[in-house]
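Take a look at the structure below.
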Amino acid sequence: MTSTPEASFRDRVLSLVARIPEGRVMTYGQLALLAGQPGAARQAGYVMNALMGGSDLPWQRVINAQGRVSTHKLGFGDMQERLLMSEGVAFDSSGRCDLARLQWWPPEAAPASPERLL
DNA sequence: TCTATGACTTTGG
DNA sequence: CCCAAAGCCATAG
């Protein structure tokens, strides 16, 4: 094949999102990193914005590095948090969840230290 | 081709 | 804890 763009940054991000297990989350920066573009967190968000929640992907499992959702100002209200809570994700009164415990890493990109929980 | 945009991140006050 | 500014880079027009 001639110069086939293997997969756009966009496609890689969406593929990763599709693989996030229920009750787990990934951050924009993490998606960018695993998509091969460390530092392109904003673009990961740009890709998600293009979905506008009209996708079959578990878009609600993508949150920011602070452990909070970034869709409040977009007309989603607190829908994302509710969707995540229905999957078992707990948010504190500040609207943050425990990233250290809930952030998911694909097996092939698992961090060196698989911190065992509990 | 160039400019503008943005569901981010990090750092500093 | 809250707020502001700078850095970041793929997409859209």
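Labels below follow one simple rule: chain letters A, B, ... track the order of the sequence lines, proteins then strands, and each chain is numbered from 1. This structure is a prediction, so every number in the text was calculated from the model and none was measured.
The CZ atom of A:Phe9 sits 13 Å away from the P atom of B:dC8 (whole-angstrom rounding). Between A:Asp11 atom CG and C:dT11 atom C1' the separation is 13 Å, expressed in whole Å. Here B:dT9 presents its C1' atom at 14 Å from CD1 of A:Ile63, a figure rounded to the nearest Å. Spacing between atom CG of A:Leu31 and atom C1' of C:dC8 amounts to 16 Å, rounded to whole angstrom units. Taking atom CD on A:Gln66 and atom C1' on B:dT11, their separation rounds to 12 Å, with Å as the unit. Atom P of nucleotide B:dC8 and atom NE2 of A:His72 are separated by 12 Å, given to the nearest angstrom. In this structure, OH of A:Tyr28 is placed 8 Å from P of B:dT9, rounded to the nearest angstrom. A:Met52 has its CE atom 15 Å from the C1' atom of C:dA12, to the nearest Å.
Each of B:dA7, B:dT9, C:dT11 was ranked by its minimum atom distance to the side chain of A:Asn49; first place goes to B:dA7. Of the candidates C:dT11, B:dA7, B:dC8, the closest approach to any side-chain atom of A:Met48 belongs to B:dA7. Listed nucleotides: C:dC1, B:dC8, C:dT11. Nearest to the side chain of A:Arg96: C:dC1.
With hydrogens and angles ignored, no donor-acceptor pair closer than 3.5 Å exists between the side chain of A:Tyr46 and the base of C:dA10.
Proximity of a side-chain donor or acceptor of A:Gln80 to a complementary backbone N or O of A:Gln60 within less than 3.5 Å is detected.
Taking a cutoff of 4.0 Å between a charged side-chain nitrogen and a carboxylate oxygen, A:Glu87 and A:Arg24 do not qualify as a salt bridge. A salt bridge between A:Arg19 and A:Glu108 is present, with a side-chain N of the basic residue lying under 4.0 Å from a carboxylate O of the acidic one.
Looking at heavy-atom distances under 4.0 Å, A:Gly53 makes contact with a base.
In terms of phosphate contacts, A:Gln37 brings a side-chain nitrogen or oxygen within less than 4.0 Å of OP1 or OP2 of C:dA10. Listed pair A:Arg42 / C:dA6 fails the phosphate criterion, with no side-chain N or O lying under 4.0 Å from OP1 or OP2.
Taking all atoms of both residues into account, the shortest heavy-atom contact from A:Ile20 to A:Met26 is CG1-SD, 3.5 Å. In terms of heavy-atom proximity, A:Trp104 sits nearest to A:Gln30 at O-NE2, 2.7 Å.
Each of A:Gly39 and A:Ala50 was matched to the nucleotide of DNA chain C holding its nearest heavy atom; the match closer to the 5' end belongs to A:Gly39.
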